[in-house]
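Step one of this worksheet: look at the structure below.
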Amino acid sequence: MFGDLFDSPWKILIVAVVILVLFGSRKLPSAARSLGQSMRILKKEVQGLHEDEPEPRPAGAQAAAQAPAGITGSASGGQPARQAQIDALQQQIRDLQDAAAMDGAPRTPAAAASEASRPARQLV
């Protein structure tokens with residue numbers, strides 16, 4: 001159907017003149033520019049999708065990736081250290097929530113619920 005539309009230069013010229021008349025000479029450069037930007041964005045996103053795909057690993061590498069050395073501690077002494085780190089992180093979260101409350105920043109429902117559930121601290 002469209003194959004015979006562009007077989008002669010006269011037909012291409014007529015189509016170009018019709019497009020120029022319909023859209024105007026002022027809109028065509030901006031339309032071409034936005035089309036080029038859209039094509040660049042599409043190309044970058046497609047490349048990003050290909051980069052995000054995981055590469056196949058050997059069987060030994062998968063076992064090492066599933067159990068990093070920092071997480072697999074020994075049974076003796078590993079649990080208290082982990083619990084101390086969790087407690088320290090929870091304290092940091094509470095401090096940040098208190099600072100946000102003092103600044104008058106809007107709070108999320110999760111932050112309001114955690115503040116209501118913890119005991120009140122007295123400032124000295």
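Note that this is a predicted model, so its numbers are computed, not measured.
Grouping the Ile, Leu, Val, Met, Phe, Trp and Tyr side chains by contacts below 4.5 angstrom, directly or via other members, places L22 with L20. With hydrophobic clusters built from ILVMFWY side chains whose heavy atoms lie under 4.5 angstrom apart, V18 shares a cluster with V15.
Atom NZ of K27 and atom CD1 of I19 lie 14.5 Å apart (nearest 0.5 Å). The CZ atom of R33 sits 7.5 Å away from atom CD of Q37, with the distance rounded to the nearest 0.5 Å. A distance of 9.0 Å separates NZ of K11 from CD1 of I14, quoted to the nearest 0.5 Å.
Counting only N and O atoms by type, the side chains of Q91 and R94 include a donor and acceptor under 3.5 Å apart.
Q83 CD: more than 12 foreign heavy atoms inside a 6.0 Å radius.
Through direct or indirect side-chain contacts shorter than 4.5 Å among Ile, Leu, Val, Met, Phe, Trp and Tyr, V46 is connected to L42.
Contact check for K44 versus R40: no side-chain heavy atoms found under the 4.5 Å cut-off.
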